Amino acid sequence: MRELELLAPAKNLECGIAAIDHGADAVYIGPERFGARVAAGNSIEDIRQLCEYAHQFSVKVYATVNTIIYDDELTDTEHLIWQLHKAGVDALLVQDMGVLRLNLPPIPLHASTQTDNRTADKVRWLQTLGFQRVVLARELSADEIAAVYQAVPSMPLEVFVHGALCVSYSGQCYASQYCFGRSANRGACAQFCRMAFDLVDADGQVLEHDRYLLSLKDLNQSRHLQELVDAGAVSFKIEGRLKDVAYVKNVTAAYSEALNDIVRRNPDKYRRASQGHCTYTFTPDLKKTFNRGYTTYFLHGRQPDIFSPDTPKAMGEFVGTVKEIRGASFTVAGTARFANGDGLCYIYIYNNVRALGGFRVNRAEGNRLFPQQMPRELRPGMALYRNNDMEFERLLSKPSAERKIPVRMQLAATPTGFSLTSGNAVATIDCEHQQAEKPQRENIVRQLTKLGGTPYECSDVELPDGFNYFIPSSKLAELRRFLVAQLSLEKPKQLSTLHSPLKTDFPLSTLNSKLYLNNISNHLACEFYGVKEPSAYELKGGEGPVMQCRHCLRYSLGYCTKQRRQAPWREPLFLRLGDGRRFRLEFDCKNCQMNVYGEE
């Protein structure tokens, strides 16, 4: 039977606990350093508290130590990893191969998507190094994932299912470092891909003006989890370590329910990787959470509608069209209900460029809305989108879920008192056997099922036939407390698998010929790869692409060579920022890839 794991992001302790309460089987969280998100660091004490809370439900906690590391940081990295191990972390996500040569505790290592995991050969190689899970590149299709699984069936595969998409293969993006001195491989990405560009051809002709040509829509595989399960994935990852707690609650709950549905339909094939079931005070709805529009990306092969060129911001759910404008208010044609404070947005044309406008609803009277300030661009017939639903946010701002582990209890008499059993946990007390004058079952059940404040709820209390003893309520409460303590001690140890990488030399012939693409940034990584000195882009720059993208503008604009349409431009094409800097595009049709080069 395969265990299916929903892996949710934790910006901080609050988000981590919310993810667990709303159905995550595992959470990933960054420490204060080396976590690939400099804005989402957490103290060891907070991570320890998260581990304690998580392990009650057999939920795992993975720590991200997935930046490239400089020589003067190696000692601190080793110290941090030992601290995370002692805090109870269940595995580390790693990018830098120099980490394998540190003195590591017995903690499993997962190969971060930053190690650029696109092929079965790469996954097989990572397995020989001792990695116990691989996070696959976001760009892989279901068929490509299945091919990896079939080639390396013993390696657990983790796939992204929801959230923001990097346009470049992870670990192979240097645009932020090139333009702003901020390394994506060091957790400081400046989001170059969310910027506006002109698309210019070799003759200086402007083909697209002030458009977000590298900004992808957000991933949403909520309706395709069964395909990913069938392909061989076992862990389903939600992106979002910079997202707030409302995002974590809604998205985690939505995907947890989707995985539960798969398990319900296939009870002999799958089970969830953690314990407990969740109840919610709201109905999960992915349309109401931050998104730039949704895409399944390359799940079914190349698709034309994967980017969001009008805006890199969230537009939210479609709620209707502008019907009638009257003074300081307007009406909406549609069935959506509105609340004071809702945020609405729309697309309008300004200087022949599509732009995003928006406003906050000051007052809502049915379908008549009174903005705080009437937008000048608003016209009848315009489509409206809600990117902030006040009623939904209000629900999520309160306690919105409860997670409980169901237990069955069996009460029985012993020679000196009574025992209470649940699974392998047994509690006993000494107590005089007194025959009851009236039935006791109702009071016994009431006292034993008072499990509030614990992770448990009692689904049934079994009494032997003819059981008719009077047991004081205080003794029943004592017996219940002893059993809860035994249940908590019964939890499986999370750190049971030793990390034991093979200390073999890396075959030099498999190094990328453009050395900076190997992200070698310290002497231990040099030893691992068998090279003399670090060659990371952050240290030395490099002659080659600053981005490698499966997203292709030639294809998205309708002029892929396979489409046999004559393009109205002369190549090479360039992306041009507002400050005049240009980036040459190379269309590598053999590998179905678009490369972006910086121009000095």
Side-chain angles (χ1 to χ4, degrees), residues 4-29 40 42 46 49-61 161-164 218 220 222-223 225 236-261 263-264 272-291 294 314 316-317 319 336-343 386-406 451-457:
L4 305 181
E5 176 188 273
L6 177 60
L7 177 55
K11 176 181 180 180
N12 51 33
L13 176 59
E14 179 190 17
C15 287
I17 290 174
I20 294 162
D21 288 346
H22 289 73
D25 300 296
V27 295
Y28 62 106
I29 188 169
N42 293 272
D46 279 358
Q49 289 185 40
L50 181 61
C51 290
E52 286 186 356
Y53 188 80
H55 292 167
Q56 297 177 99
F57 302 98
S58 298
V59 170
K60 294 185 177 180
V61 177
V161 292
H162 197 90
D218 286 358
N220 182 345
S222 59
R223 296 182 179 179
L225 291 181
F236 307 91
K237 187 172 194 171
I238 300 166
E239 187 279 336
R241 276 199 295 128
L242 296 179
K243 293 295 195 296
D244 63 18
V245 70
Y247 175 95
V248 171
K249 287 180 175 183
N250 185 37
V251 177
T252 303
Y255 278 87
S256 183
E257 291 197 332
L259 277 184
N260 283 342
D261 186 55
V263 172
R264 276 193 294 269
R272 294 293 295 273
S274 62
Q275 299 184 71
H277 67 89
C278 303
T279 55
Y280 308 109
T281 65
F282 68 102
T283 301
D285 188 343
L286 294 174
K287 297 190 301 294
K288 295 182 179 296
T289 286
F290 181 100
N291 70 86
Y294 284 130
E317 60 177 328
V319 290
R337 298 176 62 183
F338 300 94
N340 300 346
D342 278 356
R386 177 161 49 196
N387 55 13
N388 188 38
D389 186 321
M390 284 302 293
E391 286 298 326
F392 195 68
E393 291 292 321
R394 199 170 288 124
L395 278 173
L396 294 180
S397 69
K398 303 172 183 177
S400 51
E402 185 176 55
R403 181 168 182 160
K404 293 290 184 181
I405 301 170
L451 295 171
T454 77
Y456 307 102
E457 64 180 10

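Computed from a predicted model, the values in this text were never measured in an experiment.
A side-chain donor-acceptor contact under 3.5 Å links Tyr280 to the backbone of His22. In this structure, the side chain of Asp261 does not engage the main chain of Leu259 through any donor-acceptor pair within 3.5 Å. Between the Tyr28 side chain and the Arg241 main chain, no donor and acceptor come within less than 3.5 Å of each other. Between the side chain of Arg272 and the main chain of Gly23, a donor-acceptor pair closer than 3.5 Å is present. Ser256 places no side-chain N or O within donor-acceptor distance of the main-chain N or O of Thr252, the cut-off being under 3.5 Å. Side chain of Asn250 to main chain of Asp285: a donor-acceptor pair is present (N/O by atom type, distance under 3.5 Å, no hydrogens or angles). Side-chain atoms of Asp342 come within 3.5 Å of backbone N or O of Met390 as a donor-acceptor pair.
In terms of heavy-atom proximity, Gly163 sits nearest to Tyr247 at CA-OH, 3.6 Å. Across all their heavy atoms, Ala258 and Ser222 have their closest contact at CB-O, 4.1 Å. Across all their heavy atoms, Ala8 and Ala19 have their closest contact at CB-CB, 3.7 Å. Taking each heavy atom of Tyr255 and Leu6 in turn, the nearest pair found is CB-CD1, 3.7 Å. Minimum heavy-atom separation, Leu50 to Ile29: CD2-CD1, 3.8 Å. Contact detail for Ser274 and Ala24: the closest heavy-atom pair is OG-O, 3.9 Å.
Between Val161 and Lys237, every side-chain heavy-atom pair lies at or beyond the 4.5 Å cut-off. Considering only heavy atoms from C-beta on, Pro9 stays 4.5 Å or farther from Lys243 through its side chain. Between Asp218 and Phe290, the closest side-chain pair of non-hydrogen atoms falls below 4.5 Å. For the pair Val61 and Val27, the minimum side-chain heavy-atom distance is below 4.5 Å.
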### Message
One pair to check against side chain to side chain contact (heavy atoms under 4.5 Å, CB included): Val59 and Asp25. What are the steps and the verdict?
### Response
CA-CA 5 Å; Val59 170; Asp25 300 296; 5.5 Å; no

### Task
Quick one: do His162 and Phe236 satisfy ring pair (Phe, Tyr, Trp, His ring centres under 6.0 Å)? Show the steps, please.
CA-CA 9 Å; His162 197 90; Phe236 307 91; over 10 Å; no

### Task
Might you work through the side chain to side chain contact (heavy atoms under 4.5 Å, CB included) test for Asp389 and Glu317, ending with a clear yes or no?
CA-CA 9 Å; Asp389 186 321; Glu317 60 177 328; 3.8 Å; yes

### Task
Run the numbers on Lys288 and Arg386 for side chain to side chain contact (heavy atoms under 4.5 Å, CB included), then give the verdict.
CA-CA 8 Å; Lys288 295 182 179 296; Arg386 177 161 49 196; 3.9 Å; yes

### Query
Leu7 and Ile238: side chain to side chain contact (heavy atoms under 4.5 Å, CB included), yes or no, with the steps?
CA-CA 6 Å; Leu7 177 55; Ile238 300 166; over 6 Å; no

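For the atom pair Cys278 SG and Asn260 CG, the distance stands at 8.0 Å (nearest 0.5 Å). To the nearest 0.5 Å, atom CG of residue Asn42 and atom CD of residue Glu14 are 11.5 Å apart. Atoms CG and OG1, on Leu396 and Thr281 in that order, are 7.5 Å from each other to the nearest 0.5 Å. Atom CG of Leu13 sits about 10.0 Å away from atom SG of Cys51, to the nearest 0.5 Å.
Applying the salt bridge (Lys or Arg N to Asp or Glu O under 4.0 Å) definition to pairs two or more places apart or across chains, those involving residues 394-405 are Glu391-Arg394.
For Glu5, the salt bridge (charged side-chain N to carboxylate O under 4.0 Å, His left out) partners at least two apart in sequence or on another chain are Arg133. Under the ring pair (Phe, Tyr, Trp, His ring centres under 6.0 Å) criterion, Tyr53 pairs with Phe57, sequence neighbours left out.
Phe392 and Phe282 have perpendicular rings, their planes meeting at more than 60° on a 0 to 90° scale where under 30° would count as parallel.
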